[in-house]
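All residue numbers refer to positions in the sequence shown, counting from 1. Computed from a predicted model, the values in this text were never measured in an experiment. Both ligands and their constituent atoms are indexed starting at 1 by order of listing.
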Amino acid sequence: MIYCVEDESTIRDLMVYTLKASGFDARGFESASDFWPAMKEQEPALIILDVMLPDEDGLTILKALRSSPVTVDIPVIMATAKNSEYDKVIGLDSGADDYLSKPFGMMEMVSRIKAVLRRATPKQAEVLACGGISMDKSRHTVTVYGAPVSLTLKEYELLKLFMENPDRVFTREVLLSEIWGNAFIGETRTVDVHIGTLRTKLAQAGNLIETVRGVGYRMGLKK
Ligand code: CA
């Protein structure tokens with residue numbers, strides 16, 4: 001839900017219309033006195049605040065939002081007709097996440113909103129680490145002792161399975177069905193080939209993927 005506080009009805013309607021067409025829920029408010037009761041009904045994901053409003057101005061609203069623990073983290077984009085650096089700085093200093101200078105295009109508004117929402121909800125860094133190998137699952141990257149390693153999708157998935165289950169022994173059949181799907185059952189040499197290239201790419205950390213004779217493979221716990 002995006003709240004748009006804007007006293008000019010044509011702009012407000014266009015903003016709400018564009019946001020809904022872009023897949024957001026959106027509500028428009030003419031003034032602070034409309035806006036505040038709605039804040040009690042539902043907490044929006046983001047607020048676009050016009051600076052010049054008939055009652056309370058946008059910066060005062062912003063300060064009030066930032067002073068309450070309930071609303072302090074709600075991203076706010078200020079919309080200002082006063083296109084001077086001074087106003088921008090005031091807006092950013094009071095805790096706005098971004099600003100839009102009027103007149104702004106609707107597509108610019110949507111892309112700013114998306115950018116602010118992306119920053120506001122950063123993906124949890126999910127990092128697995130084992131004996132010099134580090135895997136950032138949110139970024140899909142792997143490093144060995146800090147050096148980036150380029151893996152194919154299957155190599156990456158194999159390594160992820162091992163790193164998520166350290167010391168567990170996987171048979172070739174299980175690895176095939178987990179990584180390649182059941183269609184490949186029987187082609188166990190595929191696993192050996194990929195383990196081979198994965199070990200090579202992991203360089204000095206490659207020996208962490210141990211062969212369990214007669215069974216399969218595991219990620220050893222030795223550091
Ligand atoms: Ca206005």
Side-chain angles (χ1 to χ4, degrees), residues 1-128 134-143 148 153:
M1 173 63 74
I2 311 281
Y3 281 179
C4 306
V5 191
E6 167 60 67
D7 57 319
E8 286 173 60
S9 63
T10 49
I11 299 177
R12 186 174 67 242
D13 292 348
L14 187 58
M15 289 165 82
V16 171
Y17 173 84
T18 306
L19 286 168
K20 286 183 172 170
S22 304
F24 293 101
D25 266 337
R27 283 178 70 183
F29 304 96
E30 190 177 0
S31 63
S33 52
D34 286 346
F35 166 73
W36 286 118
M39 285 298 291
K40 292 202 169 72
E41 290 166 30
Q42 186 182 359
E43 198 178 288
L46 183 144
I47 301 164
I48 300 185
L49 261 183
D50 186 22
V51 173
M52 300 300 284
L53 292 166
D55 45 5
E56 215 176 343
D57 70 75
L59 287 171
T60 307
I61 295 175
L62 177 61
K63 279 181 185 135
L65 289 168
R66 290 297 179 253
S67 65
S68 159
V70 180
T71 53
V72 66
D73 290 326
I74 299 177
V76 173
I77 298 178
M78 300 300 295
T80 174
K82 296 194 285 180
N83 187 14
S84 71
E85 289 300 322
Y86 179 75
D87 289 309
K88 288 172 187 173
V89 168
I90 293 286
L92 293 173
D93 276 352
S94 25
D97 295 86
D98 202 355
Y99 60 87
L100 282 161
S101 298
K102 286 183 178 179
F104 51 84
M106 288 297 113
M107 289 304 111
E108 184 192 0
M109 175 189 75
V110 170
S111 69
R112 293 288 186 92
I113 288 173
K114 287 179 175 170
V116 168
L117 287 176
R118 268 198 303 276
R119 287 202 301 271
T121 52
K123 280 189 181 165
Q124 289 286 317
E126 289 186 90
V127 178
L128 298 170
S134 178
M135 171 179 281
D136 186 332
K137 290 198 286 183
S138 62
R139 293 180 177 166
H140 243 256
T141 56
V142 174
T143 59
L153 182 61

request  = Indicate yes or no for a side-chain donor-acceptor contact from Glu8 to the backbone of Thr10 under 3.5 Å, with no hydrogens or angles considered.
outcome  = no
ask   = Tell me, do Ile74 and Pro44 make a side-chain contact under 4.5 Å, heavy atoms counted?
value = yes
note = Correct closest heavy-atom pair for Ala26 and Lys20 would be O-CE, 3.4 Å
query = With a 4.5 Å heavy-atom cut-off, do Thr18 and Met107 have their side chains touching?
reply = yes
inquiry  = Closer than 3.0 Å to the Ca ion (ligand 1), what protein N/O/S atoms do you find?
reply    = Asp7 OD1, Asp50 OD2, Met52 O
query = Considering only heavy atoms from C-beta outward, does the side chain of Tyr17 approach that of Met106 to under 4.5 Å?
reply = no
ask   = What's the shortest heavy-atom distance between Ala32 and Ile61, and which atoms?
value = CB-CD1, 3.6 Å
